[in-house]
S.K.: 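Let me begin by handing over the structure; questions about it come next.
These figures come from a predicted structure and were not determined experimentally.
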Amino acid sequence: MFVAPVAVANPVPAVSAADGCYTWNRTLSSGASGDDVRNLQIRVSGYPGSGGKLAIDGQYGPATRDAVARFQQAYGLSADGVAGADTFNKIYELQDDDCTPANFDYSELNRCNSDWSGGNVSAAEAKANALVVMWKLQAMRHAMGDAPIAVNGGFRSKSCNDSVGGAPNSRHLYGDAADLGAGSQGFCALALQARAHGFSEILGPGFPGHDDHVHVAGGGSTWSAPDCGM
C-alpha cells in the first residue's frame, strides 16, 4: 500500500543571541514600537538633551530618535537617529550580561537589602528604576571623560530610609535615585553635568543636607545646588 509522505514544514531558523543580556533583531526607527524599543530607550535614557527626560514607553517618537542620535554622536557613530547594527554593537560593548552598564552595578544602587523590597513601589519596579539610573550615570560618566563616578547609595526601604533620616517621600524609596561622592570630578561638576542626562531631581552643595554628596533622581522636579550656581 502506498503511503503519501507527510509534508514537514520548514523549521524556523534559530536566531542566535548577539549578547548575554538582550539582543535586538531588527533596525529601529521612527514609528517603531514594542519591547525592543523600550529596551533601547533604557540604554539611551541618559541622552534626552539638557533638561529633558526620555519616556520609556516602547514608542519610537521624536524624543527617542533624538536620544539615539545623541548617543550615536557621543560614541562617534553616524548620528542619524536610526538604531541599527552599529548602535546595538556599541550597546553590547557597554553592558554586562545582567543588563547593567559595564561601569555600574546593582550592588552600588542598593546597600539596604538583598531583594529590593519595602520601598514605595514593588521590588521589581524599584530594581527596574535603578537600572535606568545606572544607564543615565553611564552617559554622564562618558560625557565627563569616563572617569569613575562614585555611587554611595541608591534604593532604600522605608526602614532604611528612616534609619538615615531620609525625607518621608524620598526618591530613594522608588529606586530611581543615587547619591554620588565627589570623586575626581568634584560635587559641583557632577551636579551641573547631571542636568543633561535625564535627572529631574538634582540636589547638591548648598541645599540642606547635601554638602557631602550630590543626589540625582529620575523623579521629583527640583534642581538645587546653590554653592554651584544652580
Side-chain angles (χ1 to χ4, degrees), residues 18-19 21-96 98-104 109 125 127-146 149 151 154 171 174-178 180 189-202 214 216-221 223 230:
D19 184 73
C21 160
Y22 186 88
T23 296
W24 284 269
N25 294 314
R26 60 170 177 158
T27 296
L28 298 175
S29 60
S30 296
S33 63
D35 189 60
D36 50 1
V37 175
R38 187 185 65 83
N39 271 280
L40 174 64
Q41 289 170 327
I42 291 170
R43 276 69 169 181
V44 300
S45 59
Y47 293 91
S50 182
K53 182 178 179 181
L54 182 64
I56 299 173
D57 57 7
Q59 302 297 317
Y60 206 115
T64 297
R65 178 200 62 212
D66 292 348
V68 169
R70 292 187 190 96
F71 172 88
Q72 293 167 329
Q73 184 175 38
Y75 285 98
L77 306 177
S78 176
D80 57 6
V82 175
D86 289 345
T87 299
F88 298 138
N89 285 335
K90 177 52 66 174
I91 293 174
Y92 298 149
E93 290 177 19
L94 291 173
Q95 70 183 3
D96 291 330
D98 65 354
C99 299
T100 60
N103 298 113
F104 297 93
L109 271 291
E125 185 174 349
K127 189 173 182 180
N129 288 343
L131 180 63
V132 176
V133 169
M134 284 187 273
W135 280 100
K136 291 178 179 180
L137 290 174
Q138 185 73 27
M140 184 170 153
R141 184 186 194 273
H142 185 61
M144 301 183 80
D146 285 313
I149 290 179
V151 179
R171 296 309 307 180
Y174 298 84
D176 68 356
L180 311 180
L190 291 166
L192 296 173
Q193 185 66 44
R195 298 175 298 179
H197 299 289
F199 293 111
S200 52
E201 183 170 88
I202 306 167
V214 171
V216 294
S221 58
W223 289 358
M230 184 175 75

S.K.: Output the distance between atom CZ (F88) and atom CG (D36), rounded to the nearest 0.5 Å.
M.R.: 7.0 Å

S.K.: Does a donor on one side chain sit under 3.5 Å from an acceptor on the other, for Q59 and T64?
M.R.: no

S.K.: Between CZ of F71 and NE2 of H142, what distance do you get to the nearest 0.5 Å?
M.R.: 8.5 Å

S.K.: For A191, is there any backbone N or O sitting under 3.5 Å from a side-chain donor or acceptor partner on W223?
M.R.: no

S.K.: Distance check, rounded to the nearest 0.5 Å: T23 atom OG1 versus N39 atom CG?
M.R.: 10.5 Å

S.K.: Can you name the closest pair of heavy atoms from Q193 and A143 and give their distance?
M.R.: NE2-CB, 3.6 Å

S.K.: Quick check for you: to the nearest 0.5 Å, what is the distance between M134 atom CE and D96 atom CG?
M.R.: 10.0 Å

S.K.: Spell out, as yes or no, whether a donor-acceptor pair under 3.5 Å connects the side chain of R70 to the backbone of P48.
M.R.: yes

S.K.: Heavy atoms only: give me the nearest W24-L40 pair and the separation to one decimal.
M.R.: CZ2-N, 3.6 Å

S.K.: For the residue pair H197 and Y47, categorise the inter-ring angle as parallel (less than 30°), tilted (30 to 60°) or perpendicular (more than 60°).
M.R.: perpendicular

S.K.: With distance as the sole test, does D176 use its side chain to make a donor-acceptor pair with the main-chain N or O of N129 at under 3.5 Å?
M.R.: no

S.K.: Hey, what do you get for CG (D86) to CD1 (I91), rounding to the nearest 0.5 Å?
M.R.: 11.5 Å

S.K.: Closest approach of L190 and M140, non-hydrogen atoms and distance?
M.R.: O-CE, 3.2 Å

S.K.: Closest approach of A139 and G46, non-hydrogen atoms and distance?
M.R.: CB-O, 3.6 Å

S.K.: Restricting to non-hydrogen atoms, name the atom on L54 and the atom on A67 that form the minimum distance, rounded to 0.1 Å.
M.R.: CD2-CB, 4.0 Å

S.K.: Verify, without hydrogens or angle tests, whether Q41 (side chain) and G58 (backbone) share a donor-acceptor contact under 3.5 angstrom.
M.R.: yes

S.K.: Apply side chain to side chain contact (heavy atoms under 4.5 Å, CB included) to the pair L109 and K127, showing each step before the final yes or no.
M.R.: CA-CA 9 Å; L109 271 291; K127 189 173 182 180; over 6 Å; no

S.K.: Considering all heavy atoms of both residues, which atom of S45 and which atom of I42 are nearest to each other, and what is their separation?
M.R.: OG-O, 2.8 Å

